[in-house]
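The basis for the numbers below is simple: all heavy atoms, side chains too, and nothing from hydrogens, waters or symmetry mates.
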Amino acid sequence: MKENLRQVRERGGEGGGKGVRMAGSGSERVAVELCKGINGLDKVVLRGPRGSSAEVYLYGGHVTSWRNDHGEELLFVSSKAIFKPPKAIRGGIPLCFPQFGSHGSLEQHGFARNKFWSIDIDPPPFPTNSKSFIDLILKPSEEDMQKWPHSYEFRLRIALGPGGDLMLTSRVRNTNADGKPFTFAFAYHTYFSVSDISEVRVEGLETLDYLDNLQNKERFTEQGDALTFESEVDKIYLGTPTKIAILDHEKKRTFVLRKEGIPDAVVWNPWDKKAKTMTDFGDDEYMHMLCVEAAAVEKPITLKPGEEWKGRLELSAVPSSYCSGQLDPQKVLQSS
């Protein structure tokens with residue numbers, strides 16, 4: 001695949017609709033295709049063997065679509081999203097790096113989501129069971145070095161599994177030549193599409209401590225019940241489990257979020273008043289989205305020169321056929 005992607009680039013495939021064919025049984029489905037998206041921005045389309053798909057914009061290394069085998073969109077992107085640099089795209093899976101929120105001197109959520117990433121045509125060895133994946137890379141520009149004076153390589157692999165699962169793996173390496181370590185925060189700021197926020201609950205965060213961004217990051221402890229939503233929420237849950245479930249009662253669908261190397265989980269919905277203040281977000285769209293974000297916020301990550309950090313997120317969508325409180329990953333896998 002790497003060779004094919006290189007050929008795409010050499011043929012001027014920046015939006016030329018070139019792609020890589022699926023292997024096996026004479027299938028004509030294109031597993032990886034480079035093409036033009038909104039406002040002429042380059043994007044990569046990943047397709048699974050049974051109809052699932054994902055779309056990734058090189059601007060921001062930003063996943064903007066994830067569809068299941070039935071073609072149903074699983075991520076939320078605002079109808080008012082502005083696909084025009086330097087504005088970040090509202091929805092999908094923005095990458096927050098090297099800062100989360102306004103907790104630092106950089107722009108909101110750092111600069112990774114506002115930069116043009118490159119296709120990494122010669123990534124380090126990386127095992128995968130998917131034929132549908134893309135490797136991207138971000139390195140600092142001179143402008144970035146003035147804002148954040150560190151040299152790094154941020155590699156991102158986005159893969160669509162044979163069963164339609166979406167997998168994102170981030171690897172950040174310190175390439176400073178001056179011997180200095182650096183520290184960063186990180187988040188996969190995932191916007192899930194839900195039918196009605198009042199009919200959604202989140203399991204896996206019960207009894208955990210959290211920082212409430214609506215109350216000056218004061219620390220509280222969550223009660224023993226699953227999370228439900230009836231007002232604005234902006235919380236950072238600490239020391240979270242590797243699996244979190246988002247149950248959408250109306251659609252009888254459950255999102256299962258699995259993560260590795262990422263300790264925290266941010267839960268966010270702006271609700272009605274804040275939604276009306278956001279120019280790139282519809283007034284009523286808060287009803288149809290929920291952010292549950294795998295994040296490393298409370299204790300930022302420090303890397304010495306030559307060290308690498310890896311954070312992995314796997315998203316799956318399964319029928320809500322198991323009972324509340326029984327978030328058994330084996331049952332989830334079997335029900336898919």
Side-chain angles (χ1 to χ4, degrees), residues 61 88 93-114 138 147-150 152 154 156 168-174 180-192 201-229 231-246 255-271 274 290-304 307-315 327:
I93 310 180
L95 297 172
C96 304
F97 170 89
Q99 177 179 300
F100 181 80
S102 57
H103 311 307
S105 60
L106 300 173
E107 61 256 50
Q108 176 86 355
H109 290 322
F111 47 71
R113 65 184 187 147
N114 306 94
L138 180 69
K147 295 180 183 177
W148 199 64
H150 302 292
Y152 64 88
F154 187 153
L156 172 67
L168 294 88
T169 304
S170 291
R171 292 180 291 174
V172 177
R173 180 177 291 275
N174 182 337
K180 291 182 180 178
F182 64 65
T183 298
F184 65 93
F186 175 85
Y188 292 111
H189 196 317
T190 309
Y191 288 71
F192 292 97
R201 74 175 188 268
V202 175
E203 295 185 355
L205 302 177
E206 302 87 345
T207 73
L208 296 180
D209 285 359
Y210 64 87
L211 307 178
D212 194 334
N213 285 324
L214 301 180
Q215 300 194 48
N216 296 313
K217 294 185 71 175
E218 190 174 343
R219 190 173 184 134
F220 298 93
T221 300
E222 190 58 69
Q223 301 306 305
D225 299 325
L227 276 63
T228 56
F229 304 94
S231 61
E232 182 182 358
V233 61
D234 190 355
K235 298 176 179 179
I236 303 169
Y237 288 84
L238 311 175
T240 59
T242 57
K243 298 179 187 67
I244 300 168
I246 304 158
F255 293 108
V256 180
L257 182 158
R258 297 177 180 85
K259 56 190 180 66
E260 296 174 14
I262 313 176
D264 305 325
V266 179
V267 178
W268 180 70
N269 183 294
W271 221 251
K274 187 165 187 177
L290 178 66
C291 286
V292 179
E293 315 164 28
V297 178
E298 186 201 19
K299 298 175 182 175
I301 298 143
T302 298
L303 294 178
K304 298 175 183 175
E307 288 185 335
E308 183 179 81
W309 167 84
K310 183 169 79 170
R312 185 173 183 273
L313 173 67
E314 181 176 344
L315 303 177
L327 182 53

Task: Close side-chain approach of Tyr210 to Leu205, heavy-atom, < 4.5 Å - done: no

Open item on the list: What's the separation between atom CG in Leu238 and atom CG in Leu211, rounded to the nearest 0.5 Å?
Closed with: 4.5 Å

Open item on the list: Using only atom types and a distance under 3.5 Å, with no angle test, would you say the side chain of Lys259 pairs donor to acceptor with the backbone of Pro241?
Closed with: yes

- [ ] Kindly determine whether Ile93 and Leu315 satisfy side chain to side chain contact (heavy atoms under 4.5 Å, CB included), including the steps that lead there.
- [x] CA-CA 11 Å; Ile93 310 180; Leu315 303 177; 4.1 Å; yes

Open item on the list: Any side-chain to backbone donor/acceptor pair from Glu222 onto Gly224? Under 3.5 Å, distance only.
Closed with: no

Open item on the list: Counting C-beta onward and ignoring hydrogens, is there a side-chain heavy-atom pair between Phe154 and Pro98 closer than 4.5 Å?
Closed with: no

Task: Whether Asp209 side chain and Arg219 backbone form a donor-acceptor pair below 3.5 Å - done: no

- [ ] To the nearest 0.5 angstrom, please state how far the CG atom of Leu214 sits from the NZ atom of Lys235.
- [x] 8.5 Å

TODO: Taking the side chain as every heavy atom from C-beta outward, state whether Val292 and Phe255 have any pair of such atoms under 4.5 Å apart.
DONE: no

TODO: Could you walk me through whether Lys310 and Glu308 pass the salt bridge (Lys or Arg N to Asp or Glu O under 4.0 Å) test, one step at a time?
DONE: CA-CA 7 Å; Lys310 183 169 79 170; Glu308 183 179 81; over 6 Å; no

- [ ] Would you mind reporting whether Leu227 and Tyr237 have side-chain heavy atoms less than 4.5 Å apart?
- [x] yes

Open item on the list: If I take atom OG1 from residue Thr240 and atom CD1 from residue Ile262, how far apart are they, to the nearest 0.5 angstrom?
Closed with: 9.0 Å

Open item on the list: Are Phe100 and Pro300 packed together at the side-chain level, in the sense that at least one heavy-atom pair is separated by less than 4.5 angstrom?
Closed with: no

- [ ] Look at the aromatic rings of His189 and His109 and report parallel, tilted or perpendicular, splitting at 30° and 60°.
- [x] perpendicular

TODO: Using a 4.5 Å cut-off on heavy atoms from C-beta on, say whether the side chain of Ile301 contacts that of Val172.
DONE: no

- [ ] Please test Asn213 against Trp268 for side chain to side chain contact (heavy atoms under 4.5 Å, CB included), starting from the C-alpha separation and ending with a verdict.
- [x] CA-CA 10 Å; Asn213 285 324; Trp268 180 70; over 6 Å; no

Open item on the list: Could you tell me if the side chain of Arg201 sits less than 4.5 Å from the side chain of Thr228, heavy atoms only?
Closed with: yes

TODO: Without swapping roles, check the side chain of Thr190 against the backbone of Cys291 for a donor-acceptor pair under 3.5 Å.
DONE: no

Task: Gap separating the CD atom of Glu206 from the OG1 atom of Thr221, nearest 0.5 angstrom - done: 13.5 Å

- [ ] Please report the closest heavy-atom contact between Pro270 and Glu232, naming both atoms and the distance.
- [x] O-CG, 3.6 Å

Task: Distance, nearest 0.5 Å, that separates CG of Leu95 from CZ of Arg113 - done: 10.0 Å

- [ ] Would you mind telling me which of Phe184, Phe182, Phe97 makes a ring pair (Phe, Tyr, Trp, His ring centres under 6.0 Å) with His150?
- [x] Phe182

Open item on the list: Between Asn216 and Glu218 (side chain of the first, backbone of the second, donor and acceptor by atom type, cut-off under 3.5 Å), is there such a pair?
Closed with: no

TODO: List the atom of Pro181, the atom of Thr302, and the distance in Å for their closest heavy-atom pair.
DONE: CB-CG2, 4.2 Å

Task: Atom pair CG/NZ of Asp234 and Lys217 - distance to nearest 0.5 Å - done: 10.5 Å

Open item on the list: Quick check: closest heavy atoms across Glu314 and Arg312, and the distance to 0.1 Å?
Closed with: OE1-NH1, 3.4 Å

TODO: Decide yes or no for Leu303 and Tyr152: does some side-chain heavy atom of the first lie under 4.5 Å from some side-chain heavy atom of the second?
DONE: no

TODO: Please name the pair of heavy atoms, one in Leu156 and one in Gly61, separated by the smallest distance, quoted to 0.1 Å.
DONE: CD2-O, 3.6 Å

